[in-house]
Amino acid sequence: MDRFAEVDDQYDPHTVQERIFSYWDDVDAYEKTKDHRADGEDFFFVDGPPYTSGAAHMGTTWNKTLKDLYIRYHRMLGYDVTDRPGYDMHGLPIETKVEEKLGFENKKDIEEYGEENFIEECKAFAEEQLDGLQEDFKSFGVWMDWDDPYKTVTPEYMEAAWWGFQRAHERGLVEQGQRSISQCPRCETAIANNEVEYEDVSDPSIYVKFPLKDRDGHLVIWTTTPWTIPANTFVAVDEDLSYQGVRATKDGEEEVLYVAEECVEDVLSTGRYEDYEVVDEVSGEEMVGWEYDHPLREEVPDAPSGEGTCQVYTADYVEADRTGLVHSAPGHGEEDFERGDELGLDIFCPVGGDGVYGDSAGTYAGEFVKDADDDIIADLEAKGLMLHSGTTHHSYGHCWRCDTGIIQIVTDQWFITITDIKDELLDNIEDSEWHPQWARDNRFRDFVEDAPDWNVSRQRYWGIPIPIWKPEDWDGDVEDTIAIGDREELAERVDQDVDPESVDIHKGTVDDLTITEGGTTYTRVDDVFDVWLDSSVATWGTLNYPSETEAFDELWPADLIMEAHDQTRGWFWSQLGMGSAAMGEVPYKEVLMHGWALAEDGRKMSKSLGNIVAPEEAIDRHGADAMRLFLLAQTSQGDDMRFSWDEMAEMQRRLNILWNVFRFPLPYMRMDGYDPEETTVEDVADDLELVDEWVLSRLQTVKDEMGTHLENFEQDKGLEALLEFVVEDVSRFYVQVVRERMWEEEDSPSKQAAYATLYTVLEETVALLAPYAPFVSEEIYQTLTGDAGFDTVHMCDWPEPDQQFWKQGLEGDVEVVRAVEEAGSNARQQAERKLRWPVKRVVVDVGSEDGSDLAGTVEVRADLIADRLNAREVQVVPAEEDWGELTYSAEADMSLLGPAFGDDAGRVMNALNEARVGEASIDALEAAVSDELGEAVELDAEMVEFVRHTPDGVAGTAFEALDGEGVVYVDTTLTEDIESEGYAREVIRRVQEMRKDLDLDMDARIRLELDVSDDRIADLVREHEDLIREEVRAEEFGNVENGHRKTWEVEGVEMEIAVETVAAAEA
RNA sequence: GGGCCAAUAGCUCAGUUAGGUUGAGCGCUCGGCUGAUAACCGGGAGGUCCGCGGUUCAAAUCCGCGUUGGCCCA
């Protein structure tokens, strides 16, 4: 790009974006930036891999934008940043999508299609999704290593998981065993607790009577899952709760029912009993050991009947709710399982992975469990064991992918027994620093403390095969199994011929491999890993460890990871668990936990609510830079973000202000041939004017603030500081002040100083902005630096404050000037005097200073204030003095004056209201009133309220600055001299407007004809002919024949103005 | 049902760490500027600080109980 080239009048994000994309391409900007930092200190960032199903949504966009910001920022700090993106590509969600695509209904369809074929389909699908995601991420300017992402489906990544798992196996943290798990009967696999989605459903609500064996009566239990009753093994009570046996009457028949005392009334009315009497009262503890008959013994002959079954036990999950007695089936419920295990009871689960009863379920065999509910209810009713059967609404778990109701069953699963190293995990947490800190100390710690063993096995296809080979007739001792750590080891130990270089280690390949050692043949277990295990090894998987070791030895563990708060239980956790199990430490040092992107209505974005905003739409409307700024203006510290089109539009507007600031000096710099290398701010240090020094100092402050904010991961505060500097300081103040210097036709040291200042401000501003808004920053940087700068702004060093230009006292001074200016403009507005018209004088009456030298500052900066307020003179009244020209009147409070003066009150009031005094004191007022009335009057301070009066033509407005305060008075009294300049300026403005109508070049010369209807005004205007001539570039005054002619009314005076270019006149 | 987080102007958010008269930007409205100009600048109006209770001389801020939203867990 040519230096100081002409740029678009308006900031158009899309043309900028397109131009920069192709520019980056042309100069290999990304590669050059990385090379530029290749020798820097390492910074190991690890990308949390998004799941490859569907396009990037606003949440992912926010996440990647944050990552991009901090990666760019660290590069500017000099680090050699690891930026390999990752994709999580295995797992059930992709399997179900592919099943849908192929029209499959269950596992049998997959088996028929062939495992290997199915895996290929899954891989192709995931790759396709990956391409879409990459394009999305590139579209808003994320710079990561798109040519070499890590994928959880490649052999070198998969073996990272094998390796980690092998380490855990070696430490004795791998176990196989029965567990109660959530099973999706459609997907026929266990699903993780965090994959269970709860929905409100209607279910049976039954109260069942279990006949007691050695005594009269029944235990009454309540359940919403009749299908679990065949597996009933015991009934649980709370040991401290008080239970009652009640003799209840219904339809003339009596029976004894045992329920918790607190539940008696409710249970009996639910069962429509007419009357009851308490016949027994026992504690839960006393009931332990009571035996009962299994309610479905005839239907399910295999139902639990062994040692210790069908008895009452205590359990801590019992509450005095419903009946206070809990039907417990260790073959199903998780808590039941744990208690049953503790009690040493046999586990009975008559249900298969597909949710269908097996042969052990007796008459229910072959039925799907939920379908069997009705039969079971009918059977219980027929046997007279149903106390009440109804329905209830409650939340019930469903499979997150296919929405099928989950069932709890007990199956064989593989676990990493992280409960064995719970203390180690809790210690390791301390080694990571989190932003915000509460995320670690509250949320994460709570979760880790309660976390159960990690079930890592899934009975599916599209995943990393569990690398365990077990011997024939295995007795369940994990020590007798073989865990393979990588492809090399696989090739060495298996019986078949395997090429470690080319082997794909998905299920289709490894299932048939066997190992024979010590005369025993080992076969692989069928399962694949839970997909959460895949990403848990990302910190070494992304470095291709263990197949490559160099990068790992240098970099591991990760310096930084950043994800949304749902990952507390996801990736943050899985990495801690796997890192601790395999490495004995937490694999990341620093965590940034951001929030979720909510829709404009404050709800989460979802299809069903129809409130989704796609990133493409945002880019379409406002451009990638504005979208990024919007996202980065949100706090990244755990809070959710509320999407807002208005705010995004506002960001575009602010970029437009930057654009205007940027393009304003370009024509002048071009005309004067300004050379930034020849004339730096250091070179012109002696010629810098106050505002130059000031804006340079502000720049140092902003650099300092941004550095601090970004270090604290408060990029929102950093952005705010930068944009405020651009809008408030540079645009609203500096450019306003400096414009006149640039308009000067002659080159001058002052002008060079202004160029150097503005150039420096702009160049450093876009460097600061570059990590946030990479496109517009690049465009501005390239236009400013041309061939003299880096190929890309992203190669720049992060700007650091320069003490030479950092003058905080000066910043304070200008703060005062601006406060005075603001109050002065306000006063002008009150007096209805436009800024174009000079005012005779401005009086700054300092009220209090409170340690700061407010009066002194105003005095020193009087010229600047005069300039800003277009005042002929600035007077300062110090804090200890009053401005002599003020007068005060008083308003009487008649409720106090009346009683005090009785009949004289009226006279006193009139005198009071008319009095004018030079100071707002009760003594002065008394004197004035006494004088008026000719007699002494004693007044009380409470009786009056003083009102300040300014002289005619003067308006005042209060201001505050630097812990002090005061009032700015503007004297708008007209003099001929002022009128003369005022009218002249009115003429100038109108001529300028007409030049614009004609679309004249800035340096075009004109002939001007001026006809003012009022003679006096015409004379006044003539006095400033030279000023007019210069300002509007008029070669001459005279008759205009074919020019642009217009009649204006200026302050009630008619003026006819005509303009033509000199060239046109000559032609 | 439990844990964590949030609720402040019409909108988006500061202010809560450490109690002391709630601020900004946008929007609205009134004005100004007119060589950055389909830009820019100034003034004004606008608040039950989610509700209720408590602690305190004093609560947006601390505590308790709710309501609504978000994440996670059951």
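Predicted model only: the values in this text are computed from it and were never measured. Just so we're on the same page: letters track the sequence lines, and every chain starts at 1.
Separating the C1' atom of B:C40 from that of B:C33 is a span of 8 Å, rounded to the nearest Å. Nucleotides B:A14 and B:U61, compared at atom C1', are 14 Å apart to the nearest Å. Rounded to the nearest Å, the gap between the C1' atom of B:C30 and that of B:U8 is 27 Å. Comparing the C1' positions of B:G10 and B:C63 gives a spacing of 33 Å, expressed to the nearest Å. B:U29 and B:C50 are spaced 28 Å apart, taking the P atom of each and rounding to whole Å. As rounded to the nearest Å, B:U55 and B:U67 have P atoms that lie 24 Å from one another. Comparing B:A9 with B:G51, their P atoms sit 11 Å apart, to the nearest whole Å. Nucleotides B:A6 and B:G31, compared at atom C1', are 40 Å apart to the nearest Å.
Each of B:C71, B:C26, B:G70 was ranked by its minimum atom distance to the side chain of A:D640; first place goes to B:G70. Comparing atom distances between the A:N442 side chain and each of B:C4, B:C73, B:A36 picks out B:C4 as nearest. Across B:A39, B:G25, B:C41, the shortest atom-to-atom separation from the side chain of A:V727 is found for B:C41. When each of B:C4, B:C73, B:G42 is scored by its nearest atom to the side-chain atoms of A:R732, the top-ranked nucleotide is B:G42. You'll find that the side chain of A:E650 is closest to B:G25, out of B:G25, B:C71, B:C5. When distances are taken from the side chain of A:L598 to each of B:G70, B:C73, B:C4, the shortest belongs to B:G70. In this structure, the nucleotide among B:C26, B:C71, B:A36 sitting nearest to the side chain of A:S731 is B:A36.
For the side-chain contact (heavy atoms from CB on, under 4.5 Å) with A:M648, the lone residue among A:H622, A:R653, A:R621, A:R628 that qualifies is A:H622. When each of A:N455, A:V410, A:I409, A:D453 is tested with A:R179 by the rule side-chain contact (heavy atoms from CB on, under 4.5 Å), just one qualifies, namely A:D453.
The distance from atom CG of A:L723 to atom C1' of B:A24 is 13 Å, rounded to the nearest whole Å. Here the C1' atom of nucleotide B:C13 and the CD atom of A:Q634 are 8 Å apart, to the nearest Å. Atom CD in A:E647 sits roughly 14 Å away from atom C1' in B:A9 (whole-Å rounding). Going from atom CD of A:E334 over to atom P of B:A74 covers 7 Å, rounded to whole Å. In this structure, CG of A:L631 is placed 12 Å from P of B:C13, rounded to the nearest angstrom. Between the CG atom of A:L719 and the C1' atom of B:A24 there is a distance of 14 Å, given to the nearest Å.
Taking 4.0 angstrom as the limit, A:R739 places none of its side-chain polar atoms (N or O) nearer than this to OP1 or OP2 of B:G35. Within the 4.0 Å cut-off from OP1 or OP2 of B:G3, not a single side-chain nitrogen or oxygen of A:R443 is found. OP1 or OP2 of B:C40 has at least one side-chain nitrogen or oxygen of A:R653 nearer than 4.0 Å. Contact annotation: A:K604 does not reach the phosphate of B:G69 (side-chain N/O to OP1 or OP2, under 4.0 Å).
Take the nearest nucleotide of RNA chain B for A:K717 and for A:T568: the residue whose nucleotide is more 5' is A:K717. The 5' end of RNA chain B is approached more closely, in terms of each residue's nearest nucleotide, by A:E600 than by the other of A:R603 and A:E600.
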Handout entry: Dot-bracket encoding of pairs in RNA chain B, which uses [ ] for pseudoknotted crossings and | for another strand, Watson-Crick or G-U under 3.5 angstrom
Key = (((((((..((((......[..)))).(((((.......))))).....(((((..]....)))))))))))).
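If you check every strand for non-hydrogen atoms under 4.0 Å, A:W659 touches nothing.
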Pairs under 3.5 angstrom only: tabulate donor-acceptor contacts from the side chains of residues 716-728 of chain A to other protein residues two or more places apart or in another chain.
residue, atom, partner, partner atom, Å
A:K717, NZ, A:E714, OE2, 3.4
A:E728, OE2, A:R732, NH1, 2.8

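Aromatic pair A:F643/A:F630: centroids less than 6.0 angstrom apart.
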